[in-house]
Amino acid sequence: MSSRIVDHRAARRAALIATIWVPLAIVVAAEIVIVGVGATGSPQLITHWGAGSDRTGPWWTYAILVAAIGFPVIAFIGFFMVRATRMAGMNAWMPAIAMGITVFHAIGMGVGSVVLNASPLAPAFPLAGGVILAAAAALLTWRLLPREALTTESVPAVEALPVRSSEVAGWTGRLELPAWFMALIAAAAAVLIVLGVSLLLTVGPRLWPIFLSPLLLLLVLLITAHVVVTAGPHGFIVRSAVGWPRLHIPPASLAKAAVVSVDPLADFGGWGFRWVIGPGRKGRWGFVTRRGPGLEVFRRDGRSIVVTVDDPGTAAAVLESYATK
Amino acid sequence: MFVLIDPATATPVFAQIAESIATQIATGTISTGARLPAAKVLAESIGVNFHTVLRAYQELRNDGQIELRRGRGAVVVGAPTANGVRVAVARAAAEAKSAGIPIGTLLALVRKEYES
């Protein structure tokens, strides 16, 4: 039993089916069973939560529970899976998680609790059984989902700039994250600081580590606020305004430069400085701030750097004239 | 921003940088209000000394093409609409070509007209 190797679109289709359609079918099937049992059995069922002794509730408590967990979870994971076109075929963990959560709450907690309600096996049996079933479903999804064929996506290199041997061509660009993204990080940091101060005043100074996370956010803000890109005889450099992180491809290891279409969420899972395993199973660094055309610069070993600069064509042409073929 | 220089020619490098930027301002490739890269960054991209770029920026400021502001760096100010000039220059260049006049002569003629 192992994963088949298929092309990108087939892998993506299978991943989307496993993330959205199969869990959706499981939730609907669970609802049918719960409604069937509820409509024919006793109108009051034991709900195994709450403090103290077991309480009872109407059978549709379980129907609502399964729907209230099932649909948002599928919508949430499905949303990211739909956007993650590149990662879809390579990472089976998102479909596996979607499947595991669905099986646990819909079949274990939902159907199991309703069917075995009056039995002495409840609630331990539905819960334990749900965990085992969920783990099995997740593992099966992980193993059976077809994987994407390992092909290096062949992006055509840009034509080199006609530079005479005595001439020197250089290009500079800059990148800024969208204002709303920066505002979001700043707001999160502010909320955490206010929360930290109020907790510090009520609980005591031993809570100081609570300031580590807003500090980290502000650090992220500092190094991603402004990023500078240069291309020229020195090769290719991407660095933040404070100087770190700094990515450099010297001309000796510069293979080619290309204009590519970038989708931050799909290609890198987010914005800012990112590192992913690229389409060719090679490390792919990115500083991505928006959707649209970007510059991808390849090292001779296949690793690459992606930046969403304006006018990527000129930058690529300059780099091509310094690339080592 | 793209800059092309040729250190092997007689024209000093700072003047070549200034000319390269001025041309792009005139053709609209660099628009009014745009921020030029920091001198350090531009110097890195073409492998020249940072003071060479600063001198080019000073040249552009003296020509009224850019403003140098503390904190904001070099900002392109409203350049005179160069479109009419561009059309006239294109016509002059075409005429010079068809008459077999070399570029040096054309440039000398332009300079003489401008300074008279």
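To find a chain, count down the sequence lines: A is the first, B the second, and so on, and within it residues start at 1.
Counting only N and O atoms by type, the side chains of B:Ser45 and A:Thr172 include no donor and acceptor under 3.5 Å apart.
With a threshold of 4.5 angstrom between heavy atoms, A:Thr314 approaches chain B through side-chain atoms but not through N, CA, C or O. At a 4.5 Å heavy-atom cutoff, the contact between A:Val168 and chain B is made by backbone and side-chain atoms alike. Contact of B:Leu36 with chain A is made through the backbone alone, with heavy-atom distances under 4.5 Å.
The existence of a salt bridge linking A:Arg303 and A:Asp301 is confirmed by a sub-4.0 Å separation between a basic side-chain nitrogen and an acidic carboxylate oxygen. Between A:Arg290 and A:Glu176 there is no salt bridge, since no side-chain nitrogen of the basic residue lies less than 4.0 Å from a carboxylate oxygen of the acidic one.
Ring centroids of A:Trp271 and A:Phe181 are separated by less than 6.0 Å, placing the two rings close together.
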